[in-house]
Amino acid sequence: MSKELFVKKYSDKVEALDNGSFLVSYEDWKDMSKHINKIGFDYLMCITSYDLAVDEKLGLAYNFYSTDKKEYLEIRIEFHNSDKIFSVANIWRTANWHEREAYDMMGILFDGHPDMKRILLPEDWEGHPLRKDWKEPDFYNGMPVPKDKSYWE
Amino acid sequence: MYKILDKSIIGADEMVLNMGPQHPSTHGVLRLKIVTDGEVVSHIEPIIGYLHRCFEKHCENLSYEQIAPFADRCDYLAAMHMGHAYAISVEKLLGIEELPSRVEYIRVILAEFQRISSHLIAIGVFGLDVGAITPFTWTLRDRERIIDLFEQVTGARLLYNYIWPGGLAHDLPPTFVNKALEFLDYFEPQIEEYNNLLTTNKIFIERSADVGVMPKDVAINYGVTGPSLRGSGMPFDLRKDEPYSIYSKFDFDVPIGEGLMGTVGDSWDRYYVKVLEMKESIKILRQALPQIPDGDVQSALPKKIRPKKGEIYSRYETARGDVGFYIRSGGKNTPTRLKMRSPAYCNLSVLNEISAGWMISDVITVLGSLDIVLGEIDR
Amino acid sequence: MSEYINNIIYGVKSFITGMNLTLKHFRNKKDLVATLQYPNEKWPLPERNIGFDPSEYNVIRSRLHVDIDDCIGCLQCERACPVDCIKIDTIKPPKGSDFDCGKTSHDTQKKMIVPRFTIDMSECMYCDLCVHPCPEECIYMVGGPNEPKHEIDYEFSQYERHGLVFEFATATDQDIIDIGAEDYLKERKAKEEKRIKGENLKGVVHQEDSVSSALSDPITPVAAAPVAAAPVAAAPVAAVPIDFNIKSIDFIEDKTVRGTAKKAFMGAKRAKLEGAAMIDFIIAELDKASKLDDDIKNTLEGFKGGKN
Amino acid sequence: MTSALDYLIELLAFTGLDHSILVVLAIHIPALAIFLVMVVNATIAVYVERKVAAFMQDRLGPMEVGLFGFKGGRRFWGGIGQTIADAIKLLTKEDIVPDNADKKLMLLAPFIIFIGAFLTFIAVPFSENLVVSDFNVGIFYIIAMSSVGVIGIILAGWSSNNKWSLYGAMRAAAQIVSYEIPIGLTLLLVVIVAGSLNLGDIVQWQADNRWFIIHSPFTFVAFFIYFISVVAETNRTPFDIPEAESELVAGWMTEYSGFKWAIFFLSEYANMLIVSIVASVVFLGGWLSPLAILNIGIPESWMILDGPILGFFWVMLKALFLVFVMMWFRWTFPRLRVDQLMYLCWKVFIPFCLANLFFVSIWELISGTIFR
C-alpha cells in the first residue's frame, strides 16, 4: 500500500486529518512530493487553493491517485500567504497550469515553477479575487466598475 | 514529426502566429500563440481565460441549490454530466448514501444519452477540423434527436438543471422509454455511416493517424483523462474502475486505442475511442431502459442543504474526462471554496507536448482530437 | 512497393464508399432531409403531462408566468433565484386594519398585498429553481402554442429590452392607499424617476453625478500628462509619503470644480504621478480650467506636507 | 473549324469600316459574351453548389429568396434568387482594406486572377465553331493562361499583410505550380495520340476513331489523373489547402471583402467550368453526341444531334457533370495536408503520367502497325 509507505516514512512530520488526508508543513513539501511520486502516485488529480481567512493563512490541497493501485492520497499544506511553496510542476506536468491558477486566483507563490504568470485573468489584473479579503476595485483599466445599479434597476 | 533544420545554416527566423481567440477551429475563444518555422510548429502556448465567468467566485456567494445551474453552464455540451457530477459531490458532502433506484436509473440513462450527444459533436467537429463538412451536419442531425428527448424530459434543450443534489427536478414523462428505444434503433446504423464516410476514409486516416502521438506515461503525467487517455491505450474509466451511481450493474467494455491505423495514442485513436464509446453507451442504455423501477424521484431531496464543516473531493467521468469537485464547507448554506477540476483544462495543457514539431494543420487536428470545451476550461 | 500499391487501392476503395454514401443521401433527400422550415412549419413542442396538475402543466421552459391572484407574497421564488431577476415588494396591512387581501385558489388567506412583482426575462437563466419552492404553485414556466392554459407566442420574441421586463402585480394605487401605505407610492415614484433619468443617460454618466464620472473625458489629462510631468520631475519631490487619495478631494464644495479635480486626479494616476507631483498636476489642471481659487490651492498645497 | 471572331468580322464587314477598327469592335462582342458566361455560370453554380451541399448533408439549403415573385419548388428547389441577392449584397458591401496592406497590389490581385480566367475562355470551345479564337496551339495556350492566376494569388496573399494570407498564398503557389506538371503530361499524351495541339483537331480525331477516355487503358487512367489534378489546380476540396477554412481562416482571401471578394468567387467558378470543358473536349469527345459511340443503329437523320448547335448542349452536359463531380468531391472528402498533397503529385501522379506516356507510345506503335 503506497499510502502506508508515505505515512511510514514521514510519520513524525504529518498530521492525519479526520477525512483521511494529511496536513504537512510547507518546508517538508519538497522532499515529500518527490517521495510521493516515487511510491506510485503518478496522477495528480487536482490542486485546490483555499483561503482560511485567519492570520492571512492560505492552504493548498493536493489530490493524488495511483493508477496502478487505485489509491487516493490527499495532502494539505497551510501556510502564511508570503511563503513560497515548492512547485511540483516538474514532477507532475499537470501541476503547471493548476499552480498558475492557484497563483492567479489566490496569490500563492511557487518556487521553481517554469512559467509563473496569470492564466485565467488578464495580465494587468490587480489582486487575487478568490481571497476572502479581496475587494472589488473601483476602476478597471480606467473604466469605472458599475456598483450603483439603482439607475438601471 | 518534422525535424526543423539547423537554423544557423539557412538563417531562417521563426514567426509567431496568433491563432484565435476568433478562429474557425479553436472550438471557442481559445488563443494559441504558435511559433512556426514555415509550416512547421516549434512551440505552442495556449492562452485561455477569454470565457472566464468567475464560476468559483460565484459559488462562494450562492447556496448549494443555486450552484447547480451554474455547474451546468461550465461544460455546455455535456450539461447533464456536470449536473450529475455536482449532485454526486454534494451528496457525498451531505453523507447521502442511498438514493431511490429510480433516480439512479434516470440519471444514468440521461448521462449516457448526454455522452452520445457530446461525442457526436466531438466526432463531427473533428471531421470539420480536417476539412470534411458533411459528417458534421450528419452528427448534428442525430444529436438534435437526443436533444429532443432531453427537451421532453427536462423542458430545456441545452442547459437542463435537471439533476439536483439528492434527486431530480421532476419525473420522466411516460412516453420517454419508448421514444428512447426508438431513437436507439434509428441511431445504431448511423454509426456505420459515419465510419464509412469519415473513419475509414483514406484521407482522414492520412491526416489523423500517427499525428500527435501521446504515449501513456505522458498522458498520465499531464493529467489527461477521458477518451484522450483511453486513446493512449490506458483502460481507465471511472465508470468501471470506481463505479459511482449504479454503473456496476451494467455490462459494458472500456474501449481503448489500439493503434489500428498507426501508433497507439495518435489522433485517430482518440477519435475512434469516441465512436466505440457511443456503442458502449448504447449497450448500457439498452440494459437500463427496460428496467427503470418505479418510485418517487424527489423523496430523497434534502429540505435544506447545509452540510457540516469539512471537505470532499469527488470525481465523475464526463464525456471529456475526469471532472472533480473539491468542496470545502464551512457549515453554512454556501460553500467556502468550490474548486472544479475540469478535464479539458488538463487535456489542453498537453497540446504543446504532443503537437510541437508538426505542421499547422496537424495542430488543428490534435486540438480537435482532444475535444475541448472552452466553457469548462475557463469556468 | 506493395504498400504503395495497397495504399492507392485502399484509398480508391474508401473514396468510392464515401462517394456512394453521399450520393445516396443526395438521391434519397425526400426521406433524409431533416431541416424544418421554421416560420412555415413548426415543430410541435413535446407535451408533458406531469407536474402539479397533469392537464395544465408543461415543463417546457420558454417564459415565466405568475398567476398573481394566487400569490401570497412569501418571497420564496425571489430567494431561490440565482440571478436575482425576480423583484417583489409586499405591503402588510397595519395591525387592526380590516383590509381584506383576498384568498388564493387553494383557499389560503393572503396576509399582504403585492404591489410589485417584476420578472426581468432578459436576466433569467431558465433554471426553473423558482418554480419548485412556491407553496401556491402560482409561478411556473410556460411553453409554446400547445400550452393549454396560456396561449402565447411561439418564441416570445421582443423588439426591445423593455418588453422582457414583465410586471405581474395587479394591485392598484387605490389598494395601496387603502392599505395605508402612501409612503410606498412616493418611494416608487422617486425610484421610477431615477430609473427614467438613468435611461435617458443612455449609459453615459455625467461628471457631476458620480465619482466614476471622472473619466467621461479621458483624453485630455492623458495628453496633458507628459507636459505637466516634465517640470514636476525637475522639482524636488518631497520624500515624506503623502496620504493623498481621491477622497481627499471631497473638501471642494463646488460640484463642477470637484469633478474637474477628480478628472485631473485620474489623469495623474494614469500618468503614474504620485504624491506631490500629483497634487501639482491637479492644481495645474484646475488653473487651466480657471476654477482654481486660493482656498483650494492652499488646501491642496497643504496635503503635500502630509497634513490631511 | 472557324472561330467566332472571324465570323463576326465578316458579319460586320457591311459597315464598310476599316479592317483594324472592325477587329477592335469585334473583339468587344465576344468579350462581353464571355463576361456574361462567367457571371451566369457563377450565379447558377453557387446556387447549385449550395443545393448539392445541402442535399448531401440532409439539409435544404437556400429556400426563401425568390426571383420575380417565383420562389422555386416548395419542398426542395426553392430560393432560386438567393445567389442574386448575395451578389447584390457583395457589391454593396464596404470594401475593407487593412491599414498596413499594400493597397495598390491588393486592388490589383483579384483582377489578375480574373484576367487569367477570362483569357483562358478565348481558346475554350463551347461547340464546333463556337470558339472566340481558334488557336493552332489551343491546349498549350489554355495551360499557359490558367497559370496566370497564381500570380494574382501570391499578390493577394502578400499585399494583404496578414500571416494567414501569406500562408495561403505560399501553399497555393506550391500547389498550382506542382500540379501543372501532371496536367501538362496528361494532355501531352492526348497530343501524342491525336498529333495536334488544336482542340478542334483533337475532337475531329475522336470523331474519326473513338473518345479518348475509352481509347486505351492508359488514356483512361490519364483522364482521372487529369481530372484530379485540375481539382487541385482550382483549389477545390480535398485540395483546398490554400484557403483551408479550418486552418487558415480563408487563406489568401482572408482580408478581402465585398466586390473584390466577389471577383475571386467569379474566377473560381469560371476556372471550374474551364477545366471541365477542357476535360470534356479532350477526353469525352467534346461536342460529339454520346449516342454515336454506342453505335446502336441510330438512323442517319438523328445524327443532327452531332451538329454544331446541339454540340453546345453536349459539351455543357459533359462539363456540368464534371462540375457536379467536383462538388460531390467537396462534400465527401476531408482535406489533405500540404506535404500529402505534394506526395500525391510528385510520387503518385507524375510517375504514373510518365509511365502512361511511355506505354501509350508503345500502344500506338503496335496498334498503328499491327492492328490496323
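Order of the sequence lines fixes the chain letters, A, B, ..., with proteins taken first and strands second; residue numbering starts at 1 for each chain. From a predicted model like this one, the values you see are computed outputs, not experimental measurements.
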Can a cation-pi geometry be assigned to B:Arg315 and A:Tyr65, taking NZ or CZ under 6.0 Å from the six-membered ring centre and within 45° of the ring axis?
->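 Flagged: B:Arg315 positioned over aromatic ring of A:Tyr65.
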Answer yes or no for B:Arg337 and A:Tyr50: cation-pi contact, defined as NZ/CZ to six-membered ring centre under 6.0 Å and angle to ring axis within 45°.
->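 No cation-pi geometry.
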More than 12 heavy atoms of other groups within 6.0 Å of [X] [atom1]:
X: B:Glu97; atom1: CD; value: no
X: A:Lys70; atom1: NZ; value: yes
X: B:Lys240; atom1: NZ; value: yes
X: B:Glu45; atom1: CD; value: yes

Under 4.5 Å, heavy atom to heavy atom, which residues of residues 54-64 of chain B contact chain A?
->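 Counting heavy atoms that sit under 4.5 Å from chain A, the residues of residues 54-64 of chain B involved are B:Glu56, B:Lys57, B:Glu60.
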Looking only at heavy atoms and a cut-off of under 4.5 Å, which of [options] has the most pairs with chain B?
options: A:Lys132, A:Arg76, A:Met105; result: A:Arg76
options: A:Trp134, A:Trp92, A:Trp97; result: A:Trp97
options: A:Asp115, A:Leu130, A:Asn96, A:Leu44; result: A:Leu130

Name the region of [X], side chain, backbone, both or neither, that has any atom closer than 4.5 Å to a heavy atom of chain A.
X: B:Thr336; value: both
X: B:Leu348; value: both
X: B:Tyr50; value: neither

Got a second to check how far [X]'s [atom1] is from [Y]'s [atom2], nearest 0.5 Å?
X: A:Met45; Y: B:Arg341; atom1: CE; atom2: CZ; result: 8.0 Å
X: A:Thr67; Y: B:Asp241; atom1: OG1; atom2: CG; result: 9.5 Å
X: B:Tyr326; Y: A:Ile47; atom1: OH; atom2: CD1; result: 12.0 Å
X: A:Leu121; Y: B:Asp378; atom1: CG; atom2: CG; result: 10.5 Å
X: A:Glu74; Y: B:Glu311; atom1: CD; atom2: CD; result: 6.5 Å
X: A:Asp51; Y: B:Arg328; atom1: CG; atom2: CZ; result: 9.5 Å

Do you know which two heavy atoms are closest between B:Gly223 and A:Thr94, and how far apart they sit?
->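 That closest heavy-atom pairing would be N-CB, 3.8 Å.
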Can you tell which part of A:Ser49 gets under 4.5 Å to a heavy atom of chain B, answering side chain, backbone, both or neither?
->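 Its backbone and side chain both get close to chain B.
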For the pair B:Phe236 and A:Tyr43, name the ring-plane relationship: parallel under 30°, tilted 30 to 60°, perpendicular over 60°.
->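 B:Phe236 and A:Tyr43: perpendicular rings.
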Show your working on side-chain contact (heavy atoms from CB on, under 4.5 Å) between A:Arg93 and B:Val350 and close with a plain yes or no.
-> CA-CA 9 Å; A:Arg93 297 291 182 83; B:Val350 81; over 6 Å; no
Name all residues meeting the salt bridge (Lys or Arg N to Asp or Glu O under 4.0 Å) criterion together with A:Asp104; count only those two or more places apart in sequence or in a different chain, and write none if there are none.
->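 If we apply the salt bridge (Lys or Arg N to Asp or Glu O under 4.0 Å) test to A:Asp104, skipping adjacent residues, the hits are A:Arg118.
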Do the non-hydrogen side-chain atoms of A:Asp42 and B:Asn221 ever get within less than 4.5 Å of each other?
->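 Of all side-chain heavy-atom pairs linking B:Asn221 with A:Asp42, none is under 4.5 Å.
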